[in-house]
Trainee: 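Handing you a structure now.
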Protein chains: 4
Amino acid sequence: MIGVAVIGYGYWGPNLARCFAETEGCSLVSIADRSADALARAAKRHPYARLTSDWRDAITDPKVDAVVVATPVTAHFEIALAALQAGRQVLVEKPMTATSEQARILVDLADRRGLILMVDHTFVYSSAVQKMKELIDADALGQVYYYDSTRINLGQFQRDVNVIWDLAVHDLSIVSHILDSTPAAISATGAMHVPGTPENMAQVSVRLENGAVAYLNVNWLAPLKVRRAMVGGASKMIVWDDLEPTEKIKVYDRSVSLTDDPEQIHEMRVNYRIGDMWAPKLSTSEPLQTEAAHFVACIDQRLKPITDGSMGLGVVEMLEAATRSMRMHGQVVEFGARRRAS
Amino acid sequence: MIGVAVIGYGYWGPNLARCFAETEGCSLVSIADRSADALARAAKRHPYARLTSDWRDAITDPKVDAVVVATPVTAHFEIALAALQAGRQVLVEKPMTATSEQARILVDLADRRGLILMVDHTFVYSSAVQKMKELIDADALGQVYYYDSTRINLGQFQRDVNVIWDLAVHDLSIVSHILDSTPAAISATGAMHVPGTPENMAQVSVRLENGAVAYLNVNWLAPLKVRRAMVGGASKMIVWDDLEPTEKIKVYDRSVSLTDDPEQIHEMRVNYRIGDMWAPKLSTSEPLQTEAAHFVACIDQRLKPITDGSMGLGVVEMLEAATRSMRMHGQVVEFGARRRAS
Amino acid sequence: MIGVAVIGYGYWGPNLARCFAETEGCSLVSIADRSADALARAAKRHPYARLTSDWRDAITDPKVDAVVVATPVTAHFEIALAALQAGRQVLVEKPMTATSEQARILVDLADRRGLILMVDHTFVYSSAVQKMKELIDADALGQVYYYDSTRINLGQFQRDVNVIWDLAVHDLSIVSHILDSTPAAISATGAMHVPGTPENMAQVSVRLENGAVAYLNVNWLAPLKVRRAMVGGASKMIVWDDLEPTEKIKVYDRSVSLTDDPEQIHEMRVNYRIGDMWAPKLSTSEPLQTEAAHFVACIDQRLKPITDGSMGLGVVEMLEAATRSMRMHGQVVEFGARRRAS
Amino acid sequence: MIGVAVIGYGYWGPNLARCFAETEGCSLVSIADRSADALARAAKRHPYARLTSDWRDAITDPKVDAVVVATPVTAHFEIALAALQAGRQVLVEKPMTATSEQARILVDLADRRGLILMVDHTFVYSSAVQKMKELIDADALGQVYYYDSTRINLGQFQRDVNVIWDLAVHDLSIVSHILDSTPAAISATGAMHVPGTPENMAQVSVRLENGAVAYLNVNWLAPLKVRRAMVGGASKMIVWDDLEPTEKIKVYDRSVSLTDDPEQIHEMRVNYRIGDMWAPKLSTSEPLQTEAAHFVACIDQRLKPITDGSMGLGVVEMLEAATRSMRMHGQVVEFGARRRAS
């Protein structure tokens, strides 16, 4: 039975606490938060968990085997580092850390200590993303050309991170997971419209080593909530609308090909093929529940997590590069050289 | 009665011919096209128009006062130039010319000769764009922060222009019209997926002198047809869905503002206001019909066209800058210096 | 080469004339309409057709083999009767006649004379209805339980027929075609809201001999245009949305079954199965074009039309029964007895 | 402080318990359910409430002033009767009772004892229905012609009531509330498709004394979940889509009127007016919360509840009439005579 401590009981922490309380093979041992209010709420929901205002107590508690870090991102590094040093298995909320430097240190440490270090990129565990991964891996789309996402809504403005760190982080983890390639270059532009707040809308373009591109449109100041991505392949294309109650994934049998018809003068010699559309049934299991069970399984069976520290590091590197490019008004930031060198 | 010649009777020419044939105050005098097939089709629809395979005949015809150029873009310059030199009023299909150099020559010549030079940016004459312009001019949105457009579909791949010149051209003309500002900088990235064809998808970001931004997402290789733009203002926001049969324009009374509530620790101190939504009735008149009538009125009453040569030139400059940025993987292209210098 | 006369060049006649002008194996010989305006419009579109204000001329014209009747419904009987008596093949617009008595006479006459008598139930020739028929015939849905249709919009109020004769007629022909059963009973209620006009909204319920039911909701006074029907089967269900640009037909792999689980106390012991959704590609051919070709093929090859006079008669009988029930505030009208007797 | 007992802790009871636990001016004193499992769940959520397997204990408890009945409908009468006899204020889940006879007895008893008797028609307290009521009362729609509702989904099949009692009950309470008229006649047809279960789909038509009609389409065996109603008035129309996340109510400025234009021969002389569409902001408060507060206020201030016993009785009468008509294949059931007589 793995003892779990949840550190941070603000916005997302309660969800993590609930999932680990309900997951087989582990028990929720303690909850830490600096706020007395937060602890009072935790007490009501989890009467048997130990409560503490000092996260160090939770980490050093001998009943705690695994630590789940759900604090604001600026505190991730210090807590995760201490937890690894204390020999605890660690799950960190996304984004993993505030800098890639910090992420690299955590990855190295977990590696040396033989500990699990996993990042809570929840969408990767959703049935929609799992279905896309499955289709791509089975080559159902042909060569994948692009991932194009719109992730916009009104709010929630963040104090300490810009809209790329808040929203594009989801797409970057999904792209890392389903497209099986490393980023070659990133370009981004953004805008701030509310004085004293970070950039609230941005366009991000990622070029991958395998030639695919990812286009991301994120916005905290949009009149509509949209959660839609398209994945375009040489033979089929996917539309993922996460706000649809049931048919979240639609697979379109549509593609283009070159023709040799000499008649077509004004247009390119391109043929368009339009076939069936198909919406596969998706599991209705809760992604966070799936993720909690995966974390427990990784600990029990010494497995490499799908969203391990190394993937979390890659996402932070892309977030840094996108922010750097945005500050330079779209100037491209190349990855390749450094990567190949290292 | 203004005599009109339509040059080019391929994809768009027949629409222009039909509109001018039905517009008050003008008559469709002649139609020119190199293709015998095209002329045969023209004969069936417009039995009283003169038909010629040589556009020079149409331009020099003494019954022709105004020339409408609807050929592939590469031929626009030569024909428009000859028409202006022959003292004809000119309407050129969009984009105006293949280079800004050419556009500048046409603008200067029309200016010196006191001739109307107008560009067929049809969307500017649609009731949806007119309504957005009207709302913005009446300050109904407050300060305009952004224009964000998705214009994607499967096809039509073009032989001679990339997807920016084919699709983003619409948004650039709309932005020029409704946002009342000049571009400061452009950044774009794009990708080619079909060998031997131009870039088929692109993301374009335009920063305007007044601080607003325009984000454009264009794609010839998308599973869905989408024609949707949002205009975000400080107090209200518009969603324009051009594929909606009736409620194309929706105005959302939504905005954010800063608050001084010291309680909010984890989030920015931002208030969200969500009010009514409103879809104003739009005229059902055909945009091209409205445009044809405007061209005739400009000639009759010596008015400056809404989409005059100078605006058409501005759009071509943006298309050139976007393409240049795209070839440099997103490197920003600044407008300001040159503009201020000139 | 079959010579075709189109009688009635008002709202629908021009479409029929255009389709027969373009159909292989026939030629549009003449067009008749009492209105000089209508004939002027016909002359412009069909310069080689003979024009007449007296439909009798068209029928007796020796070049005419087939007569297409597109007048208001009250005139259908007289014209179709005369055409059959003159030995012409006949296609009548829907509904076939104003009374079932008239329809029966025409069916008998065509039968005795060995002439084709076909009714223009256009929807039966649409690719969406053809696909539903194909799926049902292949038993892809299991036993069909119901057809449930909503066909509403603002307008077009008719002068001489109520909303059932105008809109429900489509669904009744579709039900006749795809469900392969005869009606057992009809019940309908309706309402008139605009003084001096027929009933403008109605609910119709049809019980078929095979146990399936058809529910129709029709309305000329609705804020939205809706054209949606569902077909529910024991193992799969179809949603047909005719206003969708591409995915008009969606097949849902959903069903219920009884279970023996004794645990379920408050609910019925019913299991729900939810599988994939699938939108088959549909042909983009124009239904009226398909229908015109079918009429010509039936004449050439002495085939029984899909929408023959007998089917048209069945639809008129249902329209009469529905109207009778509606006038009796929903009182059920039984078919069975009479049918079995005859 | 009003002491509240909740009887029945199955599907809906937990929601009622939660709302009364959170409502000002009352306290949740006890919870009764025959199932030990249900009580265990109740204990976890409401540790301070008394738990009992015998509802009689809850009713006679001197700390209990008000009883909330959330058992299966067959038990409503006995429990509510006992509660009123014990001098308790009563809120009964919908439908109020299994027969109108029972409902009448409860209404009379509550009346004689001066006790509050309220029915949990939750939708009446939703912000969407409140907005429709407000618009109709302010005569914003002109004369109301109809209410037309589609309320369909896959499941939940009920053991003891048919789909009319399960789903149409919502619309009947809404119609009672917003249309301010009594029913004159009801006609209904229905069908059973799963052996051993009640009717799972039905069409119901209600004629009201004031001339308006209500059409209801309910179905447990539909591939889609639809919750949409239209309210048509002489000058405006409402579309209520309860599945929309934000714009649930849309008001369309659309109507028809007669014209005297003698030109229109084939169509009725009807003018169509199409104006703006408007989606008013709706409160986001939870309907059940609003209802609980209303129950408490009615007790405190001796007010007549919006959904009082008399309204609940009216709904049960309509449910009975609809079921009777359905069993007679749509035969109309008149209300007027009996009502006027009584």
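Here is the naming used below: chain letters follow the sequence lines, and residue numbers restart at 1 for every chain. No experiment lies behind these values; they were computed from the predicted model shown. Only this structure's heavy atoms are used, side chains among them; waters, hydrogens and symmetry mates stay out.
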Trainee: Take atom CZ in Arg41(A); do more than 12 heavy atoms of anything else shown fall under 6.0 Å from it?
Mentor: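 Counting other residues, nucleotides and ligands, CZ of Arg41(A) exceeds 12 neighbours.
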Trainee: Which atoms of Val204(A) come close to chain B, meaning under 4.5 Å heavy atom to heavy atom: side chain ones, backbone ones, both, or neither?
Mentor: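 The answer is the backbone of Val204(A).
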Trainee: Okay, side chain of Asp37(B), backbone of Ala40(B): is any donor-acceptor separation there less than 3.5 Å?
Mentor: no
Trainee: Ring-plane angle category for Tyr145(A) and His193(B), please: parallel below 30°, perpendicular beyond 60°, tilted otherwise.
Mentor: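 Answer is parallel, since the angle falls under 30°.
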Trainee: Under a 4.5 Å heavy-atom cutoff, which of Ser187(A), Pro223(A), Ala191(A) has the most pairs with chain B?
Mentor: Pro223(A)
Trainee: In terms of heavy-atom proximity below 4.5 Å to chain B, should Ala222(A) be classed as side chain, backbone, both, or neither?
Mentor: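 Both the backbone and the side chain of Ala222(A) come within 4.5 Å of chain B.
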Trainee: Heavy-atom distance under 4.5 Å to chain B: side chain of Asn200(A), backbone, both or neither?
Mentor: neither
Trainee: Based on non-hydrogen pairs under 4.5 Å, which of Ile152(A), Leu224(A), Thr150(A) is most in contact with chain B?
Mentor: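 Sorted descending by pairs with chain B, the first entry is Leu224(A).
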Trainee: Between Met230(A), Arg254(A), Met201(A), Gln331(A), who has the most heavy-atom pairs with chain B when the cutoff is under 4.5 Å?
Mentor: Met201(A)
Trainee: Quick one: does Val333(A)'s side chain get under 4.5 Å of Met328(A)'s, heavy atoms only?
Mentor: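 Yes, side chains in contact.
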Trainee: So which of Ile274(B), Leu154(B), Asn219(B), Val194(B) has the biggest tally of heavy-atom pairs under 4.5 Å with chain A?
Mentor: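 Among the listed options, the one with the most contacts to chain A is Leu154(B).
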Trainee: Salt bridge check, Glu199(A) against Arg327(A): does any charged N sit closer than 4.0 Å to a carboxylate O?
Mentor: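 Yes, charged N to carboxylate O under 4.0 Å.
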Trainee: Rounded to the nearest 0.5 Å, how far does OG1 of Thr189(A) lie from CE of Met326(A)?
Mentor: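 Result: 8.5 Å between the selected atoms.
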Trainee: Donor-acceptor pair, Ser235(A) side chain versus Leu141(A) backbone, under 3.5 Å?
Mentor: yes
Trainee: Give, for atom OH of Tyr146(A) and atom CG of Leu179(A), the distance between the pair rounded to the nearest 0.5 Å.
Mentor: 12.5 Å
Trainee: Heavy-atom pairs under 4.5 Å with chain A are the metric here; pick the option from His329(B), Gln203(B), Met237(B) that has the most.
Mentor: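 Among the listed options, the one with the most contacts to chain A is Gln203(B).
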Trainee: Is it the side chain or the backbone of Leu216(A) that comes within 4.5 Å of chain B heavy atoms, both, or neither?
Mentor: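 When you check distances to chain B, only backbone atoms of Leu216(A) fall under 4.5 Å.
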Trainee: For chain B, find which of Val256(A), Leu221(A), Ile238(A) contributes the most heavy-atom pairs closer than 4.5 angstrom.
Mentor: Leu221(A)
Trainee: Given that the side chain runs from C-beta out, which part of Val332(B) has a heavy atom under 4.5 Å from chain A: side chain, backbone, both or neither?
Mentor: both
Trainee: Any side-chain heavy-atom pair from Gln156(A) and Trp220(A) closer than 4.5 angstrom?
Mentor: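 The answer is no, as the side chains (C-beta and beyond) never meet within the 4.5 Å cut-off.
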Trainee: Examine whether an atom of Ser255(A) lies under 4.5 Å from a heavy atom of chain B, and if so say whether it belongs to the side chain, the backbone or both; otherwise answer neither.
Mentor: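 Contact with chain B is through the backbone of Ser255(A) alone.
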Trainee: Please classify the contact of Arg273(A) with chain B as side chain, backbone, both or neither, using a heavy-atom distance under 4.5 Å.
Mentor: backbone
Trainee: Quick check on Asp253(A) against chain B: is it the side chain, the backbone, both or neither that has a heavy atom closer than 4.5 Å?
Mentor: neither
